[in-house]
Amino acid sequence: MKQTIITADVLDNTEIAPGIFRMGIHYPEAADRVRPGQFFNIYPDADRLILPRPFGVHAADRREQVIYLIYEVTGEGTREMAEKSKGAKVRVSGPLGNGFDLQEAREGAARENRQAPVQTVLIGGGVGTSVLQLLAEELLAAGTEVTAVLGFRKHPFGAEELRKTGARVLVSTDLPQEGVYHGNVCGCMEHYGVTGDLYFACGPRPMLKAVDEYVRTHGDDRALQVSLESRMACGYGVCLGCSTPMLEEQENGQEMIVRKRVCKDGPVFRGDEVVW
Amino acid sequence: MAKLDKKAVELGIDLRVDVAGVSFSNPVMTASGTFSPQDSSAYYDLSELGAAVTKGVSAEPWSGNDLPRIAETYGGMLNSIGLENKGAAAYIRDTLPFLSRYDTKIICNLAGHSVEEYVRVAEMLRDCPEIDLFELNISCPNVSEGGMLFGTDPAMAEAVTSAVRKVVDRPLIVKLTPNVTDITVIAKAAEHAGADAVSLINTLMGMRIDLKTRSAVLSRKTGGFSGPAIKPVALRMVWETARAVQIPVIGIGGITKGTDVVEFLAAGASAVEVGTAALMDPAAVVRIKSELIEYMAENGFRSIAELKQAFSV
């Protein structure tokens, strides 16, 4: 079965915070198999916009065969998406890329002689928080305890939906907001003393770098997986537009800097692989 | 005998073309840098291709340019990849064995910083039986040494072409840059130096500036402009070149649909390469070929030669 671009029905397209939308797309071939951390390419309708836009999967309704994406209107492509109403068509392809590796979390949680549950910490910034929903669902289903730390500039979104999964959710904002931590995600984690066995993060690169430092000061960043954002052209590995320097251990045990494609080899990498 | 397109055969259409003494099952090929055997094959059967033109390969691995390497433009895009590739040894080990499982021609695109480097990579690959033709990339605008530098000076174009010509016994295509005053001068220089065909155009030099960051979008400031927006320029250059040289011309530049191929064939191209369209739609090459067949059926053309003869351009 070859991969393809499909023309799918938009089932829902709601503004959940100023300039932030959640789109539900009927995509049976993908809803069954998409894993947390994978992404979808949305192909614009306008002829002048030629490149697909990549979006991490937010959630998947396996029964209704719907995938959900959360996006921020930042340019012409996302503006076109925001104008789509229920029943409109959208050209989409995916799931693409490798998702988060949940094997260690699953094995840890299944170990019989464990003293305490595996603690997983999920950290997101801005629209990067959107990928934590499906991730939290799967980590909870695997039997780990989940703490999600969400960071926003001003308007939080998605926290309630995430709480419904059973995760503990902490919210921080850069601009002071009633009832939430004022500051960035690392400040928030320090403030609440959040540490864990495994960490998963998605957001802007400066945030990921700070999270990597946080995890290193509290342990080892091999326990951290980050989902990198990158400008892409193809999204499926052919153009090398997103090829990024990474550390890789060679057969002789030495570390070398090699380039890896965020779209195809990632977008998820281990914290200690990334050349920060 | 190359694999024939089933749909074309059913319609009584012969899509085969001969370029530089090689017979291709159809005139639609990939363009280097927009195709990866493993990744593209997830979307279509590579045996559908007239030829698989692989990403520019150099003697040693190249790490390419810093990010950002990509910027979208009105109906097109800029790229500044910088010929990142894993080098000839990895090409021989990974790319060729994978590609040779498919029934298509293999065109190996060669990159270098100097005549010596072009010769070296050609020497490393000349004995690979899988390779049907070589395409000499003297037109990449995104490297500071070599690349386009060779394609903007007729004497240098001639020197590198004749040096590589001496090394390889397979047909040699020279890929030309449009960033010159008169592309036919360079095409003639390549022809004179023994090129069996020319392919054109590589990308046009372009630029974009970000008003938010107040700096160039691309890390290397300028990049190569490609996509549907450049098609008229490419078509004009193919037309000019086809009238100026005796060797076949392979048309490249902004092809996104079957009728674009018809235009390039009408302008004098013997075959075409499809590049940026593969970023806009991974299976674009196959769709474009299928649209070409539909066009030929609707217009009663039974062969590519018949189609070309019907136009007076």
Side-chain angles (χ1 to χ4, degrees), chain A residues 1-7 41-54 74-78 80 91-98 205 228-246 248 250 256-266 274-275, chain B residues 30-46 48 54-56 61-86 212 217-219 223 226-229 254 256 275-284 286-287:
Chain A
M1 206 15 212
K2 295 289 180 190
Q3 264 176 269
T4 183
I5 300 173
I6 71 152
T7 301
N41 266 351
I42 299 286
Y43 291 82
D45 299 324
D47 283 344
R48 67 179 187 285
L49 307 176
I50 70 160
L51 298 177
R53 273 61 176 163
T74 56
E76 288 183 274
T78 42
E80 189 189 79
R91 293 172 64 231
V92 58
S93 180
L96 298 164
N98 304 306
R205 201 169 166 109
L228 298 182
E229 293 177 350
S230 177
R231 192 188 290 267
M232 293 177 189
C234 70
Y236 67 101
V238 305
C239 77
L240 309 187
C242 63
S243 184
T244 304
M246 293 282 161
E248 190 182 72
Q250 303 300 299
M256 249 181 73
I257 293 180
V258 298
R259 282 189 178 267
K260 291 191 178 172
R261 300 162 298 179
V262 172
C263 70
K264 187 78 186 192
D265 305 313
V274 181
V275 180
Chain B
T30 63
S32 105
T34 57
F35 166 77
S36 139
Q38 287 87 342
D39 302 309
S40 300
S41 68
Y43 292 87
Y44 61 89
D45 176 359
L46 304 187
E48 298 259 2
T54 51
K55 166 96 182 160
W62 287 5
S63 66
N65 297 327
D66 288 342
L67 304 187
R69 295 173 168 187
I70 298 291
E72 193 177 41
T73 63
Y74 199 101
M77 64 177 284
L78 300 169
N79 89 80
S80 158
I81 309 298
L83 286 172
E84 176 184 339
N85 78 93
K86 293 187 161 69
K212 274 188 204 143
V217 173
L218 298 174
S219 71
S226 67
T256 60
T276 302
L279 314 185
M280 301 162 64
D281 169 4
V286 174
R287 173 179 51 76

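The sequence lines fix the lettering, A, B, ..., with proteins before strands; numbering per chain opens at 1.
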Q. Where does B:T256 contact chain A at under 4.5 Å (heavy atoms): side chain, backbone, both or neither?
A. neither

Q. Under a 4.5 Å heavy-atom cut-off, does chain A meet the side chain of B:K55, its backbone, both or neither?
A. side chain

Q) Which answer fits B:A283, side chain, backbone, both or neither, if we ask what part of it has an atom under 4.5 Å from a heavy atom of chain A? A) neither

Q: Answer with side chain, backbone, both or neither: which region of B:F35 has an atom nearer than 4.5 Å to a non-hydrogen atom of chain A?
A: backbone

Q. Checking B:D66 against chain A: side chain, backbone, both or neither under 4.5 Å from a heavy atom?
A. both

Q.
Quick check for you: to the nearest 0.5 Å, what is the distance between B:N65 atom CG and B:I81 atom CD1?
A. 8.0 Å

Q: Against chain B, label A:I50 side chain, backbone, both or neither, depending on which of its atoms sit under 4.5 Å from a heavy atom there.
A: both

Q.
If I take atom CZ from residue A:R259 and atom CD from residue B:E84, how far apart are they, to the nearest 0.5 angstrom?
A. 5.5 Å

(Q) I need the B:N85 CG to A:S243 OG distance, nearest 0.5 Å. (A) 11.0 Å

**Q.** Presence of salt bridge, A:R53 and A:E80, under 4.0 angstrom
**A.** no

(Q) Within the 3.5 Å criterion, strictly below it, is a donor on A:N41 or A:S93 matched to an acceptor on the partner's side chain? (A) no

Q: Name the region of A:Y43, side chain, backbone, both or neither, that has any atom closer than 4.5 Å to a heavy atom of chain B.
A: side chain

Q. Hey, what do you get for SG (A:C242) to NZ (A:K260), rounding to the nearest 0.5 Å?
A. 13.0 Å

Q. Is it the backbone or the side chain of B:Y74 that comes under 4.5 Å from a heavy atom of chain A, or both, or neither?
A. both

(Q) If you count heavy-atom pairs within less than 4.5 Å of chain A, which of B:P68, B:P282, B:S36 leads? (A) B:P282

Q) Taking all non-hydrogen atoms of both residues, which atom of A:C234 and which atom of A:P52 are closest, and how far apart? A) O-CG, 3.9 Å

Q) Given the options A:K2, A:M232, A:R91, A:E76, which has more heavy-atom pairs under 4.5 Å with chain B than any of the others? A) A:K2

**Q.** Evaluation steps, side chain to side chain contact (heavy atoms under 4.5 Å, CB included), between A:V238 and B:L279
**A.** CA-CA 8 Å; A:V238 305; B:L279 314 185; 3.7 Å; yes

Q. Which bit of B:P37 comes within less than 4.5 Å of chain A, counting heavy atoms only: side chain, backbone, both or neither?
A. neither

Q: Select one option (side chain, backbone, both, neither) describing which atoms of A:T4 are under 4.5 Å from chain B's heavy atoms.
A: backbone

Q. Do B:D39 and A:K264 meet the salt-bridge criterion of a basic N to acidic O distance under 4.0 Å?
A. yes

(Q) So which residue, B:S63, B:A278, B:G33, ends up with the most heavy-atom pairs under 4.5 Å with chain A? (A) B:S63

Q: Below 4.5 Å from any heavy atom of chain A, which atoms of B:D281 appear? Answer side chain, backbone, both or neither.
A: both

Q | Contact origin within B:V217 toward chain A - heavy atom pairs under 4.5 Å | A | side chain

**Q.** Heavy-atom pair count under 4.5 Å with chain A, highest-scoring of B:A277, B:G76, B:P228
**A.** B:G76

